[in-house]
Amino acid sequence: MNKTPGGSDCKISDKEKLKREINRLRNRCSDLEIKLKISRLLHAELDHSKLLNLIIDKIMDILRAERGFIVTGDPDNFETRVARNITGEELAESEGTVSRTVVRKVLESGSPVFVSDAQDDSLLASSKSIVDLGLRSILCVPLVIGDKPYGAIYVENRSMASCFMDKDLELLQELAELSASSIKNALNFLEIARGAEGRSATRIGEDLRREYDFSMIEGKSRKMVEAMELVARVAPTDATVMITGESGTGKELIARAIFLNSNRKDMPFLTINCGALPTGLLESELFGHVKGSFTGAISNKVGRFEAAHGGTIFLDEVGEMSPELQVKLLRVLQFGEFEKVGSYQVQKVDVRILAATNKDLSSMVEQGKFREDLFYRFKIIEVHFPPLRERPDDISLLVDHFVRTYSEKLGKPIEQIDPQFMRCLERYPFPGNIRELEGIVQRAIILTKENHISASDLPPEVLECSKITTGSKESFRPVISLARTNEELKIAREETSRLAIAEVECAFLKVALEEAGGNITRAAQKTGMNRSLFQRMIKKHEIQVDKKKYKKD
């Protein structure tokens, strides 16, 4: 049967429509995946300054603009907080200029501005900043937190007109909404940290401390706050919790925090280290035994589970438990019952189980060393306690805590901590984690002959990590700890990059000051840098400017 031309055209048209719809859906899925990924990244970052940098970096990656900015403030008084070029480099003050006309309009109206070609725009072409900057394509959208204006995201292209499209504006607006939500979280966290008084200003958010008992745990880093938030959510339940982390990180402190904030806090809390006892003795300690059940069993014994009835039991290093005991433990978790050694009488028990391990249980399951069914019973709730090398911001808090504790115990008041002492600790990878730091501080207090502790009171292995490499007493090359996981590798890469940049900046500043005889203004002029920026960098790297030191012979 012959097809009419009209029918053929109709069929082609239908296919084309279907193809376009499929492409549209694919693009929409791709956009949603991008936004979901970015949303997760942004909400994971609680540091306000780092978050703003992350936001503009991600937006620049997607839109491929020449320059990107985040400004904050009101229409009459706003400032640039982040300024990036297309390669991700921070723009100098002379380059980091936005069109104040466009930004002011966005902040006043709360509506986005989309300019295809600023040079041909009748409303903008007369603007001095548009002319001076040679602006062409501009996208600027408001950042609104709650119902209050916070600032704006601004991207531009100075060399090409019409480089942005309507879909770019829509995407930027959606990203601005995601960003505003993350910024709100970061600002709340910042307000909590600043709002507390005295030493507690550097500890975990006071909102958590007011509602929950976290008095035994020191920490303000993002990872610590995340752990505390998870503990706050699971503590009031009866859920079994697995606490993971390296040896010495303080997993028992997390277990105690869960117990103290649970409905069982007035009942017994018993602990046992599963790796410290042989299998036979551990079984008796956990479940008890009856008289005559084995040689030496001269009387009945109450086990930990029976003694902890109504309360909580903490099984430390549960990965060391034998397969036979794992079966018995699984029975307690599933049915709340057990049998004493040498008895066939089933006993019921109401106990919440908290477990901890420094081993990779998933690998042990694959190797047949840990029961899969028990693993998934524990895996329902997992609280990970990060190693100290992943939360360097907490070192100073922990040092203060241990100094207060041991100076009181030893009757040796410590009035001052040498900054060099802290710098050495911040460069040390702490293979023994918090337990090792506690020992280092205790040792320093014992050895010092004064009312202060200094770098000379540190053990050799800590000083070894802060050896002088350039001949200057102020120049140290920090050691990056060995990465054991992909996540740690990412952290190590970021840290290595940060340290390399800091080293280059420091050398740059010292050479410039030396050539300018210690004169900051002259040094800034010689390098082509704004004086205020040059001075901020000097302060950042703690460089002491002494004109006599830099004076040429």
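The first residue in the sequence is number 1, and the count goes up from there. The structure presented is a predicted model; accordingly, all values stated were derived computationally and were not measured. Hydrogens, waters and symmetry mates play no part in the numbers below; they use all other heavy atoms, side chains included.
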A.B. asks: Checking the side chain of Arg389 only, and the main-chain atoms of Pro431 only, is there a donor and an acceptor separated by less than 3.5 Å?
C.D. replies: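 It does not hold such a pair.
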A.B. asks: Where the side chain of Lys251 meets the backbone of Asp316, is there a donor-acceptor pair that is under 3.5 Å apart?
C.D. replies: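 Looks like no, no N/O pair under 3.5 Å.
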A.B. asks: Would one find more than 12 heavy atoms of other residues, nucleotides or ligands at under 6.0 Å from atom NZ of Lys369?
C.D. replies: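 No, the 6.0 Å shell around NZ holds no more than 12 heavy atoms from other groups.
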A.B. asks: When you measure from the centre of the six-membered ring of Phe314, is the NZ or CZ of Arg304 under 6.0 Å away and within 45° of the axis?
C.D. replies: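 No, Arg304 does not lie over the aromatic ring of Phe314.
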A.B. asks: Are Asn358 and Thr249 close enough that some pair of their side-chain heavy atoms sits under 4.5 Å apart?
C.D. replies: no
A.B. asks: Please answer whether the main-chain N or O of Val234 pairs with a side-chain N or O of Thr237 as donor and acceptor at a distance below 3.5 Å.
C.D. replies: yes
A.B. asks: So does Lys359 pair up with Glu320, basic N to acidic O under 4.0 Å?
C.D. replies: yes
A.B. asks: Please examine the side chains of Asp350 and Met267, heavy atoms only from C-beta on, and report whether any two atoms are closer than 4.5 Å.
C.D. replies: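 When only atoms from C-beta onward are counted, Asp350 and Met267 do not touch, as no gap falls below 4.5 Å.
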A.B. asks: Under the side chain to side chain donor-acceptor pair (under 3.5 Å) test against Lys340, which residue among Gln345, His289, Glu306 passes?
C.D. replies: Glu306
A.B. asks: Taking the side chain as every heavy atom from C-beta outward, state whether Val351 and Val332 have any atom pair closer than 4.5 Å.
C.D. replies: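 Answer no - side chains too far apart.
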A.B. asks: Within the 4.5 Å heavy-atom criterion, are Gln416 and Glu450 side-chain neighbours or not?
C.D. replies: no
A.B. asks: Quick check for you: to the nearest 0.5 Å, what is the distance between Leu253 atom CG and Ile258 atom CD1?
C.D. replies: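 So the gap between those two atoms works out to 11.5 Å.
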A.B. asks: For the residue pair Val241 and Ile254, establish whether any side-chain heavy-atom pair is separated by less than 4.5 Å.
C.D. replies: no
A.B. asks: Which heavy atom of Leu458 sits nearest a heavy atom of Arg443, and at what distance?
C.D. replies: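 Here Leu458 and Arg443 meet closest at C-NH1, 3.3 Å.
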A.B. asks: Is it true that Arg256 and Glu252 have a side-chain N and a carboxylate O under 4.0 angstrom from each other?
C.D. replies: yes
A.B. asks: Taking all non-hydrogen atoms of both residues into account, name the closest pair between His384 and Ala227 and its distance.
C.D. replies: O-CB, 4.1 Å
A.B. asks: With rounding to the nearest 0.5 Å, note down the distance linking CG in Leu315 to CG in Leu325.
C.D. replies: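 Atom-to-atom, Leu315:CG and Leu325:CG are 10.5 Å apart.
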A.B. asks: If you count every heavy atom of other residues, nucleotides or ligands that lies below 6.0 Å from Lys167 atom NZ, does the total exceed 12?
C.D. replies: no
A.B. asks: How long is the span from the CG atom in Leu329 to the CD atom in Gln334, to the nearest 0.5 Å?
C.D. replies: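 Taking CG in Leu329 and CD in Gln334, the distance rounds to 10.0 Å.
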A.B. asks: Would you say CD of Glu408 has more than 12 non-hydrogen atoms from neighbouring residues, nucleotides or ligands within 6.0 angstrom?
C.D. replies: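 Check fails, neighbour count at 12 or below.
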A.B. asks: Return the minimal non-hydrogen interatomic distance between Pro268 and Ala308, and the atom names on each side.
C.D. replies: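 Distance-wise, the nearest heavy atoms are CB-CA, 4.1 Å.
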A.B. asks: If you define the side chain from C-beta out and look only at heavy atoms, does anything of Ile153 sit under 4.5 Å from Leu175?
C.D. replies: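 SC-SC contact between Ile153 and Leu175 ruled out.
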A.B. asks: What closest approach, in Å, do Gly319 and Leu361 show between heavy atoms, and which atom pair accounts for it?
C.D. replies: CA-CD2, 3.9 Å
A.B. asks: For atom CD of Gln173, is the number of surrounding heavy atoms from other residues, nucleotides or ligands below 6.0 Å larger than 12?
C.D. replies: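 Result for CD/Gln173: enclosed.
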A.B. asks: Which pair of heavy atoms, one from Lys412 and one from Ile445, lies closest together, and at what distance?
C.D. replies: NZ-O, 2.9 Å
A.B. asks: To the nearest 0.5 Å, what is the distance between CE on Met242 and CZ on Phe378?
C.D. replies: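 Nearest 0.5 Å value for the CE-CZ distance: 5.0 Å.
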A.B. asks: Between Ser247 and Asn433, what is the shortest heavy-atom contact and its length?
C.D. replies: O-ND2, 3.0 Å
A.B. asks: When you measure from the side chain of Gln326 to the backbone of Arg371, do you find a donor-acceptor pair of N or O atoms at a distance under 3.5 Å?
C.D. replies: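 Answer holds: yes.
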A.B. asks: Just one of Ile446, Val441, Thr448 clears the side-chain contact (heavy atoms from CB on, under 4.5 Å) bar with Asp457, so which one?
C.D. replies: Thr448
A.B. asks: I'd like to know if Asp57 pairs up with Arg84 as an ion pair, taking the criterion as any Lys NZ or Arg NE/NH1/NH2 lying under 4.0 Å from an Asp or Glu carboxylate oxygen.
C.D. replies: yes
A.B. asks: Roughly how far, to the nearest 0.5 Å, is NZ of Lys184 from CD1 of Ile145?
C.D. replies: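 Answer for the CD1-NZ pair, Ile145 versus Lys184, is 8.5 Å.
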A.B. asks: Is it the case that atom CD1 in Ile298 sees more than 12 heavy atoms from other parts of the structure closer than 6.0 Å?
C.D. replies: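 No, CD1 of Ile298 has 12 or fewer neighbouring heavy atoms, counting only those of other groups under 6.0 Å.
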A.B. asks: Report yes if the side chains of Asn451 and Pro413 come closer than 4.5 Å at any heavy-atom pair, otherwise no.
C.D. replies: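 With C-beta onward as the side chain, the pair stays apart.
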A.B. asks: Do the side chains of Phe385 and Arg391 get nearer than 4.5 Å, heavy atoms only?
C.D. replies: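 Side-chain contact under 4.5 Å: yes.
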A.B. asks: Can you tell me how far CD1 of Ile417 sits from NE2 of His452, rounded to the nearest 0.5 angstrom?
C.D. replies: 11.0 Å
A.B. asks: Honestly, is Lys409 close enough over Tyr406, meaning NZ or CZ under 6.0 Å from the six-membered ring centre and within 45° of the axis?
C.D. replies: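 Yes, Lys409 lies over the aromatic ring of Tyr406.
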A.B. asks: I'd like to check the ring-ring contact (aromatic ring centres under 6.0 Å, His included) partners of Phe305; sequence neighbours left out, ordered by chain and number.
C.D. replies: Phe287
A.B. asks: Quick one: list whatever passes side-chain hydrogen bond (donor to acceptor under 3.5 Å, both in side chains) with Glu436, sequence neighbours left out.
C.D. replies: Tyr428
